[in-house]
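Report on the following structure.
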Amino acid sequence: MQKTLLLVDGSSYLYRAFHALPDLRSPDGAPTGAIYGMINMLRRLRHDYPAAYMACVFDAKGKTFRDDLYPQYKAQRASMPDDLRLQIEPIHEAVRIMGWPILMVDGVEADDVIGTLAVDAVKHEMSTVISTGDKDLAQLVNPYVMLINTMSNEKLDRDGVIAKFGVPPERIIDYLTLVGDTVDNVPGVAKVGPKTAVKWLTQYDTLDGVIANAANIGGAVGENLRQALDWLPQARTLITVKTDCDLASHMASIPESLTQKPEDQAAMVDFFTRYGFKSWLRELTGNPTAGARPLPAAPAHAATAAVQAGLFEHGADAQAATHPPLRQYETVLTEAQLSAWLARIDQADLTSIDTETTALDPMTAQMVGISLCSEPGVAAYIPLAHRYQDAPPQLSRDRVLTVLKPWLEDPTKAKVGQNLKYDAHIFANHDVALRGIVHDTLLESYVFESHKSHNMDSLALRHLGLKTITFEEVCGKGAGQICFDQVAIERATEYAAEDADITLQLHYAMWPEIRKDAGLTHVYEKIEIPTSVVLQKIERNGVSIDRALLSVQSHELGTRLLALEQQAYTLAEQPFNLNSPKQIGEIFFDRLKLPVIKKTPSGAPSTDEDVLQKLAEDYPLPKILLEYRGLSKLKSTYTDKLPKMVNPATGRVHTNYAQAVAVTGRLSSNEPNLQNIPIRTAEGRRIREAFIAPPDGVIMSADYSQIELRIMAHISGDANMLRAFADGIDIHRATAAEIFGVAASDVSSEQRRYAKVINFGLIYGMSAFGLAGNLGIERAAAQNYIDKYFARFSGVAQYMADTRAQAKARGYVETVFGRRLWLPEINSPNGPRRQGAERAAINAPMQGTAADLIKLSMIAVQDWLERENLQSKMIMQVHDELVLQVPESELALVTENLPALMAGVAQLKVPLTAEVGIGKNWDEAH
DNA sequence: CTGCTAGCATA
DNA sequence: GTATGCTAGCAGA
């Protein structure tokens, strides 16, 4: 094999080049980023992989066999952005005039053309290099075919494929069939990801082996596999790249038709002029200053600044943007370096900042180093506290923080980071108040694509096509994990400086996308960024916990649990672990022969609360177990755990609010979760007695009343519902009056209870089946209620229909404030999944708008507290409730203003109301 | 030691 | 019937 064939998967690079580069413009304002990226890539490829034969392959028009086989093929894919569409023709033109043979075959995808050529090349004794960003093509790799990804510089030969995927190339089709391809909307087996797929293929060798053994695979994934058995052959066909396409009519012969043609220099001069690629132009026209010049930091900075200022339309040099990937990373060890960097960031329009620490817990972690970046590709790492044998002398933490403090605390010095809430805590741990947080890439990603992952490694891959160094690669994992202060400073610089660099680049990739939409921009700038600043303060405030009280409760619960345990053993006539659903199942259903009411998803008889409730009607043991479960949950999750979470330094509990987890826009709370403290049962409520006020103050709780139903009234505009809220009457009573056709004053408590369940069901996108289950009535009866409801509240019925339609047409729904909530499965061919997405679509605008409103409340309240210089502090948020600690001296003022602030954050078609409670502890405050 | 299931706390 | 996080048990490393 002497000769090489170089094949470029042009279609896969289009999107990547488009998204990886800033919004470059030609002198007359046309978008040029993708054109620039594509030309740059082809130039580098030809340099790095000199080949006798070559071709650039694009998808062409026309339906392919895959569309016929599977109408949903690529159905998830958003239509091509206009700015990219405009660049397609110029890209084809550029490829042609650069002398590359170009292949587009109507009705055949680029992948299949490439597959066919790669197989053909072997017959002509050529080896093939395929340049692609698409992992699917790994199935083509063999001793004569390898893949390269020019964006990540990754090379995949046979060993590379095995290293990356865990299976050899000949198993890639099987692997992808199991995992599925979300990009092309080809589902695999539900809940099967790379790990399970590799496990199965290792165990059963091939997909056919896995299918043959489907009956032997346990658990929920086993069931999912069996569900997918009919589908898998079709998925395999879709995923298999064709290697036998008829290309005869499109080229005279291989290899002759795939030789490089001479560059059309005149056309190139014209082309580069038209699109403003000045340095390539200089190179062509023999200008002595061009060509030899490497791409240093300065032009990169100039380009970035130009992008920020929107100057590209005026013909700035697009070429100086980002390529080649620059990694000018500096370790700052001297005062002189520190001064130089301070001067740099002080001048910069925007600086990305990242801290390395000793721990994940933001309240106790100590700073190990700081990284900074103000120009893509040029970053600094300032090690402060690396402590290992022979670690070089570092600038002291105190010294560096003293030098940087004025800049860090200056609200006019704009900062960006990935989850700056964390870094703000770290700085606060060292008495620095981070200000000037104007951007956060975590929140940009969350606002832009709520349903995708937001960690930096996946963001870098998705938006920049770059593979980053992971924390695990640097520090290891599990028991073998080392603290960052043990990492060699050279290695730490590569990792930490990259983080700051990538963060800045991610910002330049995502921010222009958000800016295109006024709603997203509003949600990001006016809700998420200010919320993150408020959250950091709430987390830092923490909440005071009465450890002694919890300890007493733990003890009491322990005693009662012990007694229940003994009673259970007696009734079962043997000891068993009451915490083990498996052992309970054996006792109940094998030994005592109790009836099986329902099964868990994996097929075992269920022992959940509903089942035990039912069985308790006829048997004594389930009743004991119910009580045991309830008390055991209280003890293990709350009374035992909360005292352990008290921060020794502050004497308070500091939860972490995750701002980019819930796909609806809600916050979530962890370590500990303070959003699921019991309230429904008297036993559980006692936990809240341990959330106490400071000696001179009270706990104040303010919650929005019926917020989601109010939002439903607002969005749907339903006249009956709007009137009920306008009149300020009990909404469940009003609903019952409508459904049952009686006067509001004649609604029975039973009727009100039904109406309440129906109202909640509506918020959750209920079905007759679900309502029946909840009310314990026949399905037909439930349907009857739903029909009556929709007859009386026709605006709500219309809203439900409109929301479903919008979700299906656009793939997302919106909150009142323009937050987008994506529903990837809304057009899934899988019925249950699709229906699940439909219910989520109904619920999301209400839950999401409520989330927007309370975030606005938090911003307004914090702003007011600071403006008035009050001592009152927000200490918790529980979705529709804000909890504050308020000194006695401010009690009257805050009681009056808090609900008014919350009610006033938005003017909807219905009034918003917030109810306030006060007490010495959280239980009393309700 | 890791990942999964069942069960259950909240809005 | 929406959205989360945490615990214990358990199976396979």
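Treat the numbers as computed from the prediction; the structure is a model and nothing was measured. In what follows, every chain begins at residue 1, and chains take the letters A, B, ... in the order their sequences are listed.
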State which residues pass salt bridge (charged side-chain N to carboxylate O under 4.0 Å, His left out) with [X]; sequence neighbours excluded, sorted by chain then number.
{"X": "Glu528(A)", "result": "Arg819(A), Lys855(A)"}
{"X": "Arg652(A)", "result": "none"}
{"X": "Glu881(A)", "result": "none"}
{"X": "Lys633(A)", "result": "none"}

Whole angstrom is fine here: how far is it from [atom1] in [X] over to [atom2] in [N]?
{"X": "Asn579(A)", "N": "dC6(C)", "atom1": "CG", "atom2": "C1'", "result": "14 Å"}
{"X": "Leu625(A)", "N": "dG9(C)", "atom1": "CG", "atom2": "P", "result": "13 Å"}
{"X": "Asp880(A)", "N": "dT2(C)", "atom1": "CG", "atom2": "C1'", "result": "14 Å"}
{"X": "Glu708(A)", "N": "dG1(C)", "atom1": "CD", "atom2": "P", "result": "18 Å"}
{"X": "Leu642(A)", "N": "dG5(C)", "atom1": "CG", "atom2": "P", "result": "17 Å"}
{"X": "Phe576(A)", "N": "dG9(C)", "atom1": "CZ", "atom2": "P", "result": "13 Å"}

* Measure the shortest side-chain to side-chain distance between Leu667(A) and Gln877(A) over non-hydrogen atoms and say whether it is less than 4.5 angstrom. =>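 Answer yes - side chains close enough.
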
Reported [atom1]-to-[atom2] distance for the pair [X] and [Y], which is rounded to 0.5 angstrom:
{"X": "Phe793(A)", "Y": "Asn759(A)", "atom1": "CZ", "atom2": "CG", "value": "7.5 Å"}
{"X": "Ile875(A)", "Y": "Met700(A)", "atom1": "CD1", "atom2": "CE", "value": "11.0 Å"}
{"X": "Leu550(A)", "Y": "Thr639(A)", "atom1": "CG", "atom2": "OG1", "value": "6.5 Å"}
{"X": "Asn541(A)", "Y": "Leu884(A)", "atom1": "CG", "atom2": "CG", "value": "9.0 Å"}
{"X": "Leu626(A)", "Y": "Leu615(A)", "atom1": "CG", "atom2": "CG", "value": "9.0 Å"}

* To do: Only one of Leu674(A), Ile699(A), Val883(A), Asp546(A) passes side-chain contact (heavy atoms from CB on, under 4.5 Å) with Phe691(A); say which it is.
  => Leu674(A)

Can a side chain N or O of [X] be found less than 4.0 Å away from OP1 or OP2 on [N]?
{"X": "Arg666(A)", "N": "dT4(C)", "answer": "no"}
{"X": "Ser580(A)", "N": "dC10(C)", "answer": "yes"}
{"X": "Gln583(A)", "N": "dC10(C)", "answer": "yes"}

* **Atom CD of Gln574(A) with >12 non-hydrogen neighbours under 6.0 angstrom** =>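 Yes, the 6.0 Å shell around CD holds more than 12 heavy atoms from other groups.
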
* **Neighbour count above 12 (heavy atom, 6.0 Å) for Tyr569(A) OH** => yes

* Using the heavy-atom set of chain A and a strict 4.0 Å cut-off, write down the first and last nucleotide of DNA chain B that makes it in, 5' to 3'. => dT2(B) to dA11(B)

* For Val611(A), answer base if it contacts any base atom (sugar-phosphate contacts may also be present), sugar-phosphate if it contacts only those atoms, and nothing otherwise; contact means non-hydrogen atoms under 4.0 Å. => nothing

* Heavy-atom contacts under 4.0 Å between residues 672-680 of chain A and DNA chain B, which residues? ->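 Result for residues 672-680 of chain A: Gln675(A), Asn676(A), Ile677(A), Pro678(A), Ile679(A), Arg680(A), sorted by number.
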
* Asked: Looking at DNA chain B, which of residues 602-610 of chain A put a heavy atom within less than 4.0 Å of it?
  ->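 Heavy-atom cutoff 4.0 Å gives Ser602(A), Ser606(A), Thr607(A), Asp608(A), Glu609(A).
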
* **Test applied, side chain to side chain donor-acceptor pair (under 3.5 Å); reference residue, Arg629(A); option that passes from Thr607(A), Asp608(A), Asn579(A)** =>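 In the set Thr607(A), Asp608(A), Asn579(A), the residue that makes a side chain to side chain donor-acceptor pair (under 3.5 Å) with Arg629(A) is Thr607(A).
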
* Asked: Looking only at heavy atoms, which two atoms of Leu709(A) and Ile731(A) are closest? And how far apart?
  ->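 Looking at all heavy atoms of both residues, the closest pair is CD1-CG2, 4.0 Å.
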
* Residues in side chain to side chain donor-acceptor pair (under 3.5 Å) contact with Ser716(A), at least two apart in sequence or another chain ->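 Applying side chain to side chain donor-acceptor pair (under 3.5 Å) to Ser716(A) gives none.
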
* Would you please name every residue forming a ring-ring contact (aromatic ring centres under 6.0 Å, His included) with Tyr619(A), sequence neighbours left out? =>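 None.
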
Can you pull every protein N or O that's under 3.5 Å from an N or O on nucleotides 11-13 of chain C?
unit_1  : atom_1 : unit_2    : atom_2 : d
dA11(C) : OP1    : Lys582(A) : NZ     : 3.2

* Could you please name the option among dC6(C), dA3(C), dG5(C) that lies closest to any side-chain atom of Glu671(A)? =>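 Given the options dC6(C), dA3(C), dG5(C), the side chain of Glu671(A) is closest to dC6(C).
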
* Which of residues 557-564 of chain A sit near DNA chain C, with a heavy atom under 4.0 Å from it? ->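 DNA chain C contact set from residues 557-564 of chain A: none.
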
* Do any of residues 762-775 of chain A sit with a heavy atom less than 4.0 Å from DNA chain C, and if so which? ->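 When residues 762-775 of chain A is checked for heavy atoms under 4.0 Å from DNA chain C, the hits, listed by number, are Tyr764(A), Met766(A), Ser767(A), Phe769(A), Gly770(A), Leu771(A), Asn774(A).
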
* Passes side chain to side chain donor-acceptor pair (under 3.5 Å), Asp802(A) versus Gln798(A)? Steps please. -> CA-CA 6 Å; Asp802(A) 291 347; Gln798(A) 186 63 46; 2.9 Å; yes

* Does the side chain to side chain donor-acceptor pair (under 3.5 Å) test come out yes or no for Thr655(A) and Ser669(A), once each step is laid out? -> CA-CA 6 Å; Thr655(A) 186; Ser669(A) 156; 2.9 Å; yes

